[in-house]
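One structure below.
Predicted, not measured: the structure shown is a model, and the values here were computed from it.
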Amino acid sequence: MVLSRSIDGFTAGTPLDVLQDEGTQALLAVGMNGVPLPPEHGFPVRMVVPGLFGYVSATKWVTELEVTRFADAQGYWTPRGWSERGPVKLESRIDTPSSGTKVAVGDRVPIAGVAWQPHTGVKAVQVRVGDGAWQDAELADSVSADTWRQWVYRWTATAGEHTVQVRAVSADGQVQTSVQRQPAPNGATGWHAISVSAS
């Protein structure tokens, strides 16, 4: 791994094989939008590694990089119970409407959000209202497999309380798991759900 150290004492252990993967496009950022990196974003240099959670890859205010082994050193979060490697998983979320929103029966309600699967990309997002069938959402174009994919599903509201769920399908056909897991120790999983009522 590469152990990165920050001026504030933070450390992150980043898998060396991920950094050496040509498809990852890891970088040390020294600028942003044509100007030097602002202090709040990690001036003078910040580590950025697509596909990994920040706790193993996004060190700000980098002062030192050390090539070592997971058996010989630990990043800040590892002894606190978090996974050593921190890969980002296939996920999706609903950004609008917010949970608890009330709408009128017959309203055309845009249900929208983002989905992601680093290095692979997202080929479909599906939305389910209540116990109904999964419906395909419309997808926006994405810049690369490492960027979020925006999506929208337009639902005609029917009377009552409704649970709305979302799941993503990766470009290689993997369906997002329904198994609910907390963020620690290796990233949250499960289908995001909101409630909407119509009257």
Side-chain angles (χ1 to χ4, degrees), residues 14-15 18 21 23-26 48-58 77 80-199:
T14 307
V18 174
D21 177 10
T24 297
Q25 299 184 14
V48 179
V49 185
L52 297 178
F53 287 116
Y55 79 91
V56 297
S57 68
W77 285 106
R80 290 163 174 80
W82 288 76
S83 165
E84 288 180 332
R85 297 181 179 266
V88 176
K89 297 169 180 57
L90 174 62
E91 288 288 339
S92 58
R93 74 174 190 224
I94 300 168
D95 291 329
T96 188
S98 57
S99 195
T101 294
K102 294 180 180 5
V103 297
V105 171
D107 279 357
R108 191 87 160 133
V109 180
I111 301 167
V114 291
W116 58 93
Q117 170 71 323
H119 306 329
T120 304
V122 171
K123 76 173 178 184
V125 172
Q126 299 172 328
V127 175
R128 179 166 68 181
V129 179
D131 294 327
W134 288 102
Q135 302 293 324
D136 288 331
E138 298 172 45
L139 298 179
D141 290 337
S142 58
V143 175
S144 77
D146 286 322
T147 58
W148 288 358
R149 190 103 192 240
Q150 293 180 314
W151 58 269
V152 62
Y153 173 74
R154 291 172 177 84
W155 171 60
T156 302
T158 57
E161 285 279 337
H162 304 280
T163 298
V164 181
Q165 295 176 301
V166 65
R167 70 182 184 187
V169 180
S170 67
D172 62 4
Q174 177 187 354
V175 178
Q176 180 182 338
T177 181
S178 63
V179 177
Q180 296 282 334
R181 290 191 181 96
Q182 294 298 312
N186 197 29
T189 64
W191 297 334
H192 186 211
I194 63 164
S195 62
V196 178
S197 60
S199 58

- Item | Spacing of CD belonging to Q165 relative to OG belonging to S178, to within rounding of 0.5 Å | 9.0 Å

Which pair of heavy atoms, one from [X] and one from [Y], lies closest together, and at what distance?
{"X": "A168", "Y": "A115", "result": "CB-CB, 4.0 Å"}
{"X": "A137", "Y": "V127", "result": "CB-CG2, 4.5 Å"}
{"X": "P97", "Y": "P110", "result": "CD-O, 3.8 Å"}

- Message: According to salt bridge (Lys or Arg N to Asp or Glu O under 4.0 Å), who are the partners of R154, at least two apart in sequence or on a separate chain?
- Response: E138

- Task: Determine which pairs satisfy side-chain hydrogen bond (donor to acceptor under 3.5 Å, both in side chains) with at least one residue from residues 190-199, sequence neighbours left out, and list them in order.
- Result: S99-S195

- Task: Could you note down all residue pairs passing side-chain hydrogen bond (donor to acceptor under 3.5 Å, both in side chains) where residues 110-122 supplies at least one of them, sequence neighbours left out?
- Result: Q117-Q174, H119-D146

- Check whether more than 12 heavy atoms from other residues, nucleotides or ligands sit under 6.0 Å from atom CD of Q180, and answer yes or no. yes

List in chain and number order the residues that pass side-chain hydrogen bond (donor to acceptor under 3.5 Å, both in side chains) with [X], two or more places apart in sequence or in another chain; answer none if no residue qualifies.
{"X": "R85", "answer": "none"}
{"X": "D141", "answer": "none"}
{"X": "Q150", "answer": "none"}
{"X": "S170", "answer": "D172"}

Using the test side chain to side chain contact (heavy atoms under 4.5 Å, CB included), find all partners of [X] that sit at least two apart in sequence or belong to another chain.
{"X": "H162", "answer": "V129, W155, T158"}
{"X": "A145", "answer": "none"}
{"X": "A26", "answer": "L19, T24, V49"}
{"X": "A188", "answer": "P183"}

- Message: When you compare the side chain of Y153 with that of Q126, does any pair of heavy atoms fall below 4.5 Å?
- Response: no

- Heavy atoms, side chains only, cut-off 4.5 Å: are P15 and L52 in contact? yes

Any donor-acceptor N/O pair, [X] side chain to [Y] backbone, under 3.5 Å:
{"X": "T147", "Y": "S142", "value": "no"}
{"X": "T14", "Y": "V56", "value": "yes"}
{"X": "D21", "Y": "G23", "value": "yes"}

Check: residues 86-94 side-chain donor-acceptor pairs under 3.5 Å, at least two apart:
{"from": "K89", "atom 1": "NZ", "to": "N186", "atom 2": "O", "distance (Å)": "2.2"}
{"from": "E91", "atom 1": "OE1", "to": "Q176", "atom 2": "NE2", "distance (Å)": "3.4"}
{"from": "S92", "atom 1": "OG", "to": "Q176", "atom 2": "OE1", "distance (Å)": "2.7"}
{"from": "R93", "atom 1": "NE", "to": "D95", "atom 2": "OD1", "distance (Å)": "2.6"}
{"from": "R93", "atom 1": "NE", "to": "D95", "atom 2": "OD2", "distance (Å)": "3.4"}

- Go through V122 and W151 one step at a time and tell me if the side-chain contact (heavy atoms from CB on, under 4.5 Å) criterion holds. CA-CA 10 Å; V122 171; W151 58 269; over 6 Å; no

